[in-house]
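Data block below; observations after.
Nothing fancy with the numbering, it's 1 onward along the sequence. The figures that follow rest on heavy atoms only: side chains count, while hydrogens, waters and symmetry mates do not.
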Amino acid sequence: MADPKGFLNHGREVAKTRPVTERVQDWNEVYVPGSLLPIISKQASRCMDCGIPFCHNGCPLGNLIPEWNDFAYREDWTAASERLHATNNFPEFTGRLCPAPCESACVLGINQPAVTIKNVEVSIIDKAWDEGTVAPQAPERLSGKTVAVIGSGPAGLAAAQQLTRAGHTVAVYERADRIGGLLRYGIPEFKMEKRHINRRIEQMRAEGTRFRTGIEIGRDLKATDLKKRYDAIVIAAGATTARDLPVPGRELKGVYQAMEYLPLSNKVQEGDYVIPPISAEGKHVVVIGGGDTGADCVGTAHRQGAASVTQLEIMPRPGEDRAPHQPWPTFPMLYKVTSAHEEGGERVYSVSTTHFEGDEDGNVQWLHLTEVEFIDGKLTPKPGTERRIPAQLVTLAMGFTGTDRVNGLVEQFGLDLDERGNIARDADFQTNVPGVFVAGDAGRGQSLIVWAIAEGRSAAKGVDRFLTGASELPAPIRPTDRSLMV
């Protein structure tokens, strides 16, 4: 145990963010560089090293949280990094992007603020990179087997790294022009600077993983041809089919899916554009959807100089404390203020969009909405609450409904789908087509980054066993496992 009285002597203290007036002028991460390290050992000492560490139940990766908390408290950063990497290929990603269900399950969180597990995690890995202890782990020998991974998001990269280290020759196919999937083009720079992805890609290249960008399986290369080239295939293409809003005026110019809008600002940071083709500058912006993707749109609009930003959510505003039906250690639905929300804008709950109104040139100008309430378990419009708000740029951030069916990948492989429209798989993450496996959102549906990495690691074990007859790779989850929720 780190410090038996740590949780009594120290309160919860999190990473400091830069002033709003400063950070909205650039695209750097919102946190003050170096602000965590001076406080992180005390924060790690708050871990009680519980006899039953429920934080493990909250995290699908099976992270050894009390162990690396102890090493962080003792400032043994090398040992802490080794324990961190024992279960997580990319802790610098999860330490920045995960909503931390481990903290919701922290035993200390029963009657005190939980341990800052996420901040400890990111401090350990950043220190490891700074000290040069994150090194390539090339396999001792090659198996002679080849694997193609379709998609370079967190699930695909985790599967590729595990299989490369097991000795297989792995090629990752990505339809975008750069590796990273939604990590690259869906996550704004202010949440995670892309240098973190770049150095992991270089590590994987040094280990032997090969990358093929600008190739969409199903369109640029037929799935059947890919299957002939490789001994096994892992589909980690994500759940990229966005949920749409079929209301009058949806066809107006200025109404976009979030994933049409967000990647363009990232491409500016990559140097592809000077000005994004879709910009919020000087416009009244409305974001439909109250989740993390919606918050990303809010923060992006602020940095582009929007005249106003309004975020709409059809559900009621969550409470600031756990609801009775969401007891510890489940992951509760709480009112969340992200860094983007700190930067301004208005959040409106319990409203539904009825239609869009445009000008004579077909540009959206107004969004019409109505308040809604639950009646007999159904969201029902409240009479007399209709109104309109200015909207010259609208982004739809309402989640995703499944993997891409338009590019032909599913049909060309002949894959079965489950009742939710995800690619079906067995206990080894293998589809109905022998040698073809699926990991991440393509098989699970839209989920968190920790589940994506856990899926990639688990699918890698199934692939390794398929290719060699046995596997020593870890498999932290089963395809049927779900979040600790009620």
Exercise for the section: List the steps and the verdict of side chain to side chain contact (heavy atoms under 4.5 Å, CB included) for T431 and I423. Expected result: CA-CA 7 Å; T431 69; I423 300 173; 3.8 Å; yes
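- For the pair S279 and L393, the tightest heavy-atom approach, listed with the atom from each and the gap, is O-CD2, 4.0 Å.
- Within the structure, salt bridge (Lys or Arg N to Asp or Glu O under 4.0 Å) pairs that include any residue of residues 436-452 comprise R444-E455 (at least two apart or interchain).
- Ion pair E13/K16 flagged as a salt bridge, since at least one NZ, NE, NH1 or NH2 atom sits closer than 4.0 Å to an Asp/Glu carboxylate oxygen.
- Checking side-chain atoms of T164 against main-chain N and O of A160 turns up a donor-acceptor pair under 3.5 Å.
- L84 contributes atom CG, which lies 10.5 Å from atom OG of S123 (distance to the nearest 0.5 angstrom).
- In this model, no donor atom of one side chain and acceptor atom of the other lie less than 3.5 Å apart for E193 and Q269.
- Cation-pi check for R303 over F190 is met; the charged atom lies under 6.0 angstrom from the ring centroid and within 45 degrees of its normal.
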Practice task
Any chance you could lay out the side-chain hydrogen bond (donor to acceptor under 3.5 Å, both in side chains) test for N28 and E189, step after step, and finish with the verdict?
Solution key: CA-CA 6 Å; N28 300 328; E189 194 86 358; over 6 Å; no
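- Once rounded to the nearest 0.5 Å, the distance linking CG of N266 with CZ of R184 reads 9.0 Å.
- A donor-acceptor contact shorter than 3.5 Å is absent between the side chain of T330 and the backbone of P332.
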Handout entry: Full working for side-chain hydrogen bond (donor to acceptor under 3.5 Å, both in side chains) between T169 and T146
Key = CA-CA 5 Å; T169 300; T146 58; over 6 Å; no
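- For the residue pair Q392 / N363, no side-chain donor-acceptor distance below 3.5 Å is found, with atom types taken as modelled.
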Practice task
Apply side chain to side chain contact (heavy atoms under 4.5 Å, CB included) to the pair L417 and R405, showing each step before the final yes or no.
Solution key: CA-CA 11 Å; L417 302 179; R405 296 287 304 277; 2.9 Å; yes
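- Between V463 and A232 the shortest heavy-atom distance is CG1-CB, 3.9 Å.
- Side-chain contact check for Q304 and Y261: at least one donor-acceptor pair (N or O, by modelled atom type) lies under 3.5 Å.
- Residues meeting the side-chain hydrogen bond (donor to acceptor under 3.5 Å, both in side chains) test with E320, sequence neighbours left out: R317.
- A donor-acceptor pair shorter than 3.5 Å cannot be found between the side chains of T354 and H368.
- Contact between A397 and V287 at its shortest, heavy atoms only, is CB-CG1, 4.5 Å.
- Ion pairing of E357 with R388 is present here, as a side-chain N (NZ or NE/NH1/NH2) and a carboxylate O approach within less than 4.0 Å.
- Around atom NZ of K222, no more than 12 heavy atoms belonging to other residues, nucleotides or ligands sit under 6.0 Å away.
- Counting only N and O atoms by type, the side chains of E121 and N88 include a donor and acceptor under 3.5 Å apart.
- In D321, the CG atom is not crowded: 12 or fewer heavy atoms of neighbouring residues, nucleotides or ligands sit closer than 6.0 Å.
- Considering every non-hydrogen atom in both A237 and T403, the closest pair reads CB-OG1, 4.3 Å.
- Atom OH of Y31 has 12 or fewer heavy atoms from other residues, nucleotides or ligands within 6.0 Å.
- For R23 (side chain) and V30 (main-chain N/O), no donor-acceptor pair under 3.5 Å exists by modelled atom type.
- Remark: K191 pairs with D296 by the salt bridge (Lys or Arg N to Asp or Glu O under 4.0 Å) rule, at least two apart or across chains.
- Without hydrogens or angle criteria, Q326 side chain to M333 main chain gives a donor-acceptor distance under 3.5 Å.
- The line from CD of E103 to CD1 of I117 is 5.5 Å long, rounded to the nearest 0.5 Å.
- Remark: E342 CD is packed, more than 12 non-hydrogen atoms of other residues, nucleotides or ligands lying under 6.0 Å away.
- Atom CZ of R478 has 12 or fewer neighbouring heavy atoms from other residues, nucleotides or ligands inside a 6.0 Å radius.
- With hydrogens and angles ignored, the 3.5 Å screen pairs a side-chain donor or acceptor of D220 with a backbone N or O of E216.
- Environment of CZ in R322: crowded, with over 12 heavy atoms of neighbouring residues, nucleotides or ligands closer than 6.0 Å.
- A distance of 4.0 Å separates CZ of F437 from CD of Q430, quoted to the nearest 0.5 Å.
- The shortest side-chain heavy-atom distance between V255 and T395 does not fall under the 4.5 Å cut-off.
- Of the N and O atoms on the side chains of S339 and T17, not one donor lies less than 3.5 Å from an acceptor on the other residue.
- In this structure, Q412 CD and L221 CG are separated by 9.0 Å, a value rounded to the nearest 0.5 Å.
- Judged by distance alone, the side chain of N432 and the main-chain N or O of G414 form a donor-acceptor pair under 3.5 Å.
- Looking only at distances, no side-chain donor or acceptor of R175 sits under 3.5 Å from a matching main-chain atom of T213.
- A donor-acceptor pair is defined here as one N or O able to donate and one able to accept, closer than 3.5 Å; no such pair exists between the side chain of D244 and the backbone of P246.
- Under the 4.5 Å side-chain criterion, counting only non-hydrogen atoms from C-beta, I150 is not in contact with V234.
- When only modelled atom types and interatomic distance are considered, Q311 and H341 share a side-chain donor-acceptor pair under 3.5 Å.
- The heavy-atom pair separating I197 from I179 by the smallest distance is CG2-O, 4.1 Å.
- The two residues D231 and F466 make their nearest non-hydrogen contact at O-CE2, 3.6 Å.
- In this structure, Y173 has its ring center no closer than 6.0 Å to that of F211.
- Defined by atom type and a distance below 3.5 Å, a donor-acceptor pair is present between the side-chain atoms of N63 and T87.
- Looking only at distances, a side-chain donor or acceptor of W328 sits under 3.5 Å from a matching main-chain atom of A105.
- With 3.5 Å as the limit, one finds no donor-acceptor pair spanning the side chains of E371 and T385.
- For the residue pair R178/Y185, the side-chain donor-acceptor check at 3.5 Å is satisfied.
- A salt bridge links R18 to D26: at least one charged side-chain nitrogen sits closer than 4.0 Å to a carboxylate oxygen.
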Practice task
Check step by step if salt bridge (charged side-chain N to carboxylate O under 4.0 Å, His left out) holds for D416 and R425.
Solution key: CA-CA 8 Å; D416 290 342; R425 66 268 183 93; over 6 Å; no
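- N119 contributes a side-chain N or O that, together with a main-chain N or O of A15, makes up a donor-acceptor pair within less than 3.5 Å.
- E29 and H196 share a side-chain donor-acceptor pair at under 3.5 Å.
- The neighbour count for I375 CD1, taken as heavy atoms of other residues, nucleotides or ligands under 6.0 Å away, is above 12.
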Exercise for the section: Under the salt bridge (charged side-chain N to carboxylate O under 4.0 Å, His left out) rule, what do E202 and R205 come out as? Steps first, then yes or no, please. Expected result: CA-CA 5 Å; E202 291 310 308; R205 280 200 175 100; 2.9 Å; yes
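- Annotation for R420: atom CZ does not count as buried by contact number, only 12 or fewer foreign heavy atoms lying within 6.0 Å.
- Here the CD1-CE distance, from I187 to M192, works out to 7.0 Å after rounding to the nearest 0.5 Å.
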